[in-house]
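As the structure is a prediction and not an experimental result, all values here were calculated from the model.
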Amino acid sequence: MSTDHPGPVSGSPETSIEEVFTDPASRQAAPAAKPRRKKRVLVAGAAVVLVACGVAVGTVLPDPTASPAYKSLAGEKSTVETERDAALSSYASLKGKYDTLQSGITGRESTVAAREAEVSKADAAVKAAEAAVKKREDAVTGAEKAKAANTVGDGTWTVGSDIEPGTYRAAAAVGSTCYWGIYQSGTNGSKIIENDIPGGGRPVVTLSPGQDFNSTRCGKWEKQ
């Protein structure tokens, strides 16, 4: 028995199985269909070109700047630009005025600062003068208080509690009805240490602790 395989089909050694079993008449008719398709495509393209050319030649596009909408927008743009220019001009004018005022304010602030320094200096001088016056007033008040504390008038005074011990003299000349008396304290005037009706002049008395001093119609007595 022979094991040889059948040889290749006559023709090209590269012929595929599909080509072997395909009808030769079909293989010859297939290439003829392609040229018809190409012709159809060319005809359709030519028609499109002709239509496009007709549109380009026979149709005139409108001018967009002549439309009412465009003119309206152009008018609004012109109005806005005019308002913008007016605003810029107004701003420039206000800026100039502001700069002028600012310059004036700076000068005035310098003047105010100088005047404030002068006022501060004057205020310090016034305060110093007030302090000096206050010191003198305190001194006078202190002297007056001391004098008042060392001055007695009509009445009965206990030495050491009501008035200070020491020598007292009438502040002015006394009249003829003046009476003064020095008594031992606690005796209610029953034990007289010394008394007098001077009748005039400025009498002088010396008072010690444990005594009561009575002055009647003699005016003020000042401690010496």
Side-chain angles (χ1 to χ4, degrees), residues 82-189 193-224:
T82 301
E83 293 176 351
R84 179 203 61 192
D85 294 340
L88 289 174
S89 177
S90 177
Y91 170 78
S93 176
L94 291 175
K95 183 66 166 57
K97 292 179 181 179
Y98 171 80
D99 292 340
T100 301
L101 290 174
Q102 187 66 28
S103 177
I105 289 173
T106 302
R108 291 178 182 177
E109 287 178 348
S110 299
T111 303
V112 170
R115 291 182 179 178
E116 286 179 348
E118 294 176 358
V119 170
S120 179
K121 185 177 180 180
D123 187 54
V126 169
K127 288 182 178 179
E130 288 178 347
V133 170
K134 181 69 167 53
K135 185 177 181 180
R136 292 178 183 177
E137 288 178 348
D138 291 344
V140 171
T141 301
E144 289 178 347
K145 288 181 178 180
K147 183 177 180 180
N150 294 322
T151 301
V152 296
D154 286 347
T156 301
W157 314 93
T158 299
V159 180
S161 59
D162 296 331
I163 58 176
E164 295 291 329
T167 300
Y168 290 80
R169 184 181 182 186
V174 299
S176 59
T177 59
C178 169
Y179 170 83
W180 61 265
I182 301 174
Y183 309 94
Q184 184 177 344
S185 296
T187 62
N188 197 23
I193 297 175
E194 186 178 0
N195 64 355
D196 190 16
I197 301 177
R202 297 179 60 192
V204 176
V205 296
T206 300
L207 304 177
S208 301
Q211 296 177 341
D212 291 338
F213 175 66
N214 173 262
S215 174
T216 303
R217 296 183 298 275
C218 297
K220 300 292 183 180
W221 300 76
E222 295 177 347
K223 186 178 180 182
Q224 304 300 299

(request) Report the distance from atom CD of Gln211 to atom CD1 of Ile182, rounding to the nearest 0.5 Å. (result) 5.5 Å
(request) Give every residue pair that meets the disulfide bond (SG atoms under 2.5 Å apart) criterion with at least one member in residues 116-178, sequence neighbours excluded. (result) Cys178-Cys218
(request) Would you please name every residue forming a side-chain contact (heavy atoms from CB on, under 4.5 Å) with Asp123, sequence neighbours left out? (result) Lys127
(request) Could you note down all residue pairs passing ring pair (Phe, Tyr, Trp, His ring centres under 6.0 Å) where residues 193-216 supplies at least one of them, sequence neighbours left out? (result) Phe213-Trp221
(message) Is it the case that the side chain of Thr187 and the backbone of Gln184 share a donor-acceptor pair, with hydrogens and angles ignored and the cut-off at 3.5 Å?
(response) yes
(message) So, using salt bridge (charged side-chain N to carboxylate O under 4.0 Å, His left out) as the criterion, who are the partners of Glu222 when residues are at least two apart?
(response) Lys147
(message) Under 3.5 Å, is there a donor on one side chain and an acceptor on the other for Asp212 and Thr156?
(response) no
(message) Around atom CZ of Arg136, are there more than 12 heavy atoms from other residues, nucleotides or ligands closer than 6.0 Å?
(response) no
(request) Could I get the full list of salt bridge (charged side-chain N to carboxylate O under 4.0 Å, His left out) partners for Asp85, not counting sequence neighbours? (result) none
(message) Just verifying a value: how many Å separate Ser185 OG and Ile193 CD1, rounded to the nearest 0.5 Å?
(response) 7.5 Å
(request) Tell me, please, which residues at least two apart from Pro209 pass side-chain contact (heavy atoms from CB on, under 4.5 Å). (result) Pro165
(request) Check salt bridge (charged side-chain N to carboxylate O under 4.0 Å, His left out) between Lys95 and all other residues, then give those that pass, not counting sequence neighbours. (result) Asp99
(request) Could you verify whether a donor N or O on one side chain and an acceptor N or O on the other, from Asn214 and Tyr183, lie under 3.5 Å apart? (result) no
(message) If you define the side chain from C-beta out and look only at heavy atoms, does anything of Tyr179 sit under 4.5 Å from Ser215?
(response) no
(message) Taking atom CD1 as the centre, does Ile197 end up with more than 12 heavy-atom neighbours from other residues, nucleotides or ligands that are less than 6.0 angstrom away?
(response) no
(request) With sequence neighbours excluded, give me every disulfide bond (SG atoms under 2.5 Å apart) pair touching residues 123-176. (result) none
(request) Using the test salt bridge (charged side-chain N to carboxylate O under 4.0 Å, His left out), find all partners of Lys220 that sit at least two apart in sequence or belong to another chain. (result) none
Show every donor-acceptor pair shorter than 3.5 Å between a side-chain atom in residues 199-208 and any protein atom, with sequence neighbours excluded, or say none if there are none.
unit_1 : atom_1 : unit_2 : atom_2 : d
Arg202 : NE     : Ala170 : O      : 2.8
Arg202 : NH2    : Ala170 : O      : 3.1

(request) Not counting sequence neighbours, list each pair that qualifies as a disulfide bond (SG atoms under 2.5 Å apart) and has a residue in residues 91-134. (result) none
(message) Ignoring hydrogens, what is the shortest heavy-atom contact between Tyr168 and Asn150? Give both atom names and the distance.
(response) CE2-O, 3.6 Å
(message) Can a donor-acceptor pair be found, under 3.5 Å and without considering hydrogens, that links the side chain of Asn195 to the backbone of Trp180?
(response) no
(message) Taking side-chain contact (heavy atoms from CB on, under 4.5 Å) as the definition, give me every residue that meets it alongside Tyr98, ordered by chain and number, with sequence neighbours left out.
(response) Gln102
